[in-house]
A.B. asks: 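Handing you this structure, nothing more for now.
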Amino acid sequence: MARAGAGTDEIAGEQRQLINVAYRLLGSVTEAEDAVQDAYARWYALPRSRREEIISPGAWLTTVTSRICLDVLGSARARRERYVGAWLPEPLPDRTEWGPADGSGPTGVADPADQIVLDESVTVAFLVVLESMTPAERVAFVLHDVFRYPFAEIADVLGRTPAACKQLAASARRRVSAARSQERATGQADVVRHVKEAWESKDIAALVRILDPAAVMTADGGGMAGAARRPVEGGTRIAQYMVAIADKAPGLELLERSVNGRPGLVAQRAGVVMTVASFDVSAGRVTGIWAVRNPEKLRPWRRGGQIQEGGTPVTPDLG
């Protein structure tokens, strides 16, 4: 972290860490970027004498960013109750598979998504578990278990005692432990490839063999793109639904791509990304599918105007 009296370049160097913290807390690249920008605005609004008194500007920025995220999480619950259909985290592309080698977006400006480290703490399955936590649990868990911040510092963020923060993290940890762990990425890649092949050939029987009988598929269209409003449950129903989608989506191209650091599928038509799907795999079978179709959440996948802007409700599908 930056030292006392750190210069502008050193303060700016904290941005990557802050974006990583904020995305894990919010599950949204856009909201994470806004939170970090707000934290920097508060830093530069401080009198120069006050900034020079702060021993660790990096720690100060992390604390402020986390507090901002805590406020956002509190208000997000009400917003998501009004959200059309299911709400899913924004999926992240792998910078090696999309866009220019310098990691910049279509305008040449660094994309915030490119600054996020893709590890186990940003898989969609993990982020979905984080969504089940209270805001305070999520902050305590992410800061301590993911970024190793001491509870004394987390207490300053949450306005609670270190002991209370430790209990919050323990409660969140139990939620994570209750969730099934994913396959190794290599094993998952094979399963996802089989899904792609069966989907393309419209082979319901093959899909049923790949899908766990208790599998659940959740789609997020946000009212801007067609998507099932409720989760589709059961391997057979999901297989039938996927084949019905294939029949309604001529010209759709499926690509194997990394989604939040895990093997996933991207559906595009005429070069425009329409859907990003991530998978949870256990014992060689798909147990969960998360398909994001809301065009606003697919902005990190835009390279050179690739993604469609806006959208209108259409017949529910994944294509």
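Each residue takes its place number in the sequence, starting with 1. Treat the numbers as computed from the prediction; the structure is a model and nothing was measured.
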A.B. asks: Side chains of Leu298 and Val292: closer than 4.5 Å at any heavy-atom pair?
C.D. replies: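 Yes, close enough: below the 4.5 Å cut-off.
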A.B. asks: In sequence, state the C-alpha distance, the side-chain angles, and the governing distance for Arg16 and Asn20, and then conclude on side-chain hydrogen bond (donor to acceptor under 3.5 Å, both in side chains).
C.D. replies: CA-CA 6 Å; Arg16 181 183 178 89; Asn20 274 276; over 6 Å; no
A.B. asks: Let's go through Ser121 and Arg24 carefully: what are the C-alpha distance in whole Å and the side-chain angles of both, what is the deciding distance for side-chain hydrogen bond (donor to acceptor under 3.5 Å, both in side chains) to 0.1 Å, and is it a yes or a no?
C.D. replies: CA-CA 7 Å; Ser121 64; Arg24 287 161 175 80; 2.7 Å; yes
A.B. asks: Please examine the side chains of Arg138 and Leu168, heavy atoms only from C-beta on, and report whether any two atoms are closer than 4.5 Å.
C.D. replies: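 No, their side chains stay 4.5 Å or more apart.
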A.B. asks: Would you call Arg48 and Glu52 a salt bridge, taking side-chain N to carboxylate O under 4.0 Å as the test?
C.D. replies: yes
A.B. asks: Over 60° means perpendicular and under 30° means parallel, so classify the ring planes of His144 and Phe151, tilted if in between.
C.D. replies: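 Judged by the thresholds at 30° and 60°, the geometry between Phe151 and His144 is parallel.
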A.B. asks: For the side chain of Ser66 and the backbone of Val157, is there at least one donor-acceptor N/O pair under 3.5 Å apart?
C.D. replies: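 Here the side-chain-to-backbone pair does not exist.
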A.B. asks: Does any part of the side chain of Phe147, heavy atoms only, come nearer than 4.5 Å to the side chain of Gln17, both counted from C-beta?
C.D. replies: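 They are in side-chain contact.
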A.B. asks: Set out, in order, the CA-CA distance, both residues' side-chain angles and the distance that settles side chain to side chain contact (heavy atoms under 4.5 Å, CB included) for Tyr23 and Leu92, then state yes or no.
C.D. replies: CA-CA 10 Å; Tyr23 175 73; Leu92 293 173; 3.4 Å; yes
A.B. asks: Give every residue pair that meets the side chain to side chain donor-acceptor pair (under 3.5 Å) criterion with at least one member in residues 203-216, sequence neighbours excluded.
C.D. replies: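 Side chain to side chain donor-acceptor pair (under 3.5 Å) check on residues 203-216 returns no pairs.
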A.B. asks: Before giving the answer on salt bridge (charged side-chain N to carboxylate O under 4.0 Å, His left out), spell out for Arg67 and Asp71 the whole-Å C-alpha distance, their side-chain angles and the decisive distance to 0.1 Å.
C.D. replies: CA-CA 6 Å; Arg67 286 175 179 167; Asp71 291 340; over 6 Å; no
A.B. asks: Walk me through whether Tyr83 and Asn294 qualify under side-chain hydrogen bond (donor to acceptor under 3.5 Å, both in side chains).
C.D. replies: CA-CA 11 Å; Tyr83 194 81; Asn294 183 340; 2.8 Å; yes
A.B. asks: Where is the tightest heavy-atom contact between Thr218 and Ala86, given as atom of each residue plus distance?
C.D. replies: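 For Thr218 versus Ala86, the nearest heavy atoms are CG2-CB, 3.5 Å.
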A.B. asks: Hey, does Trp301 have a side-chain heavy atom less than 4.5 Å from the side chain of Pro91?
C.D. replies: yes
A.B. asks: Of all heavy-atom pairs between Tyr40 and Gln15, which one has the smallest distance, and what is that distance?
C.D. replies: OH-N, 3.0 Å
A.B. asks: Heavy atoms, side chains only, cut-off 4.5 Å: are Val176 and Phe126 in contact?
C.D. replies: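 Val176 vs Phe126: side chains touch.
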A.B. asks: Can you tell if the side chain of Val266 reaches within under 4.5 Å of the side chain of Leu254, non-hydrogen atoms only?
C.D. replies: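 No, side chains not in contact.
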A.B. asks: Between CG of Leu88 and OG of Ser278, what distance do you get to the nearest 0.5 Å?
C.D. replies: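 Output value for this atom pair is 7.5 Å.
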A.B. asks: Quick one: does any side-chain atom of Glu197 pair with a main-chain N or O of His194 as donor and acceptor, under 3.5 Å?
C.D. replies: no
A.B. asks: Any ion pair linking Arg269 and Glu253 (charged N to carboxylate O, less than 4.0 Å)?
C.D. replies: no
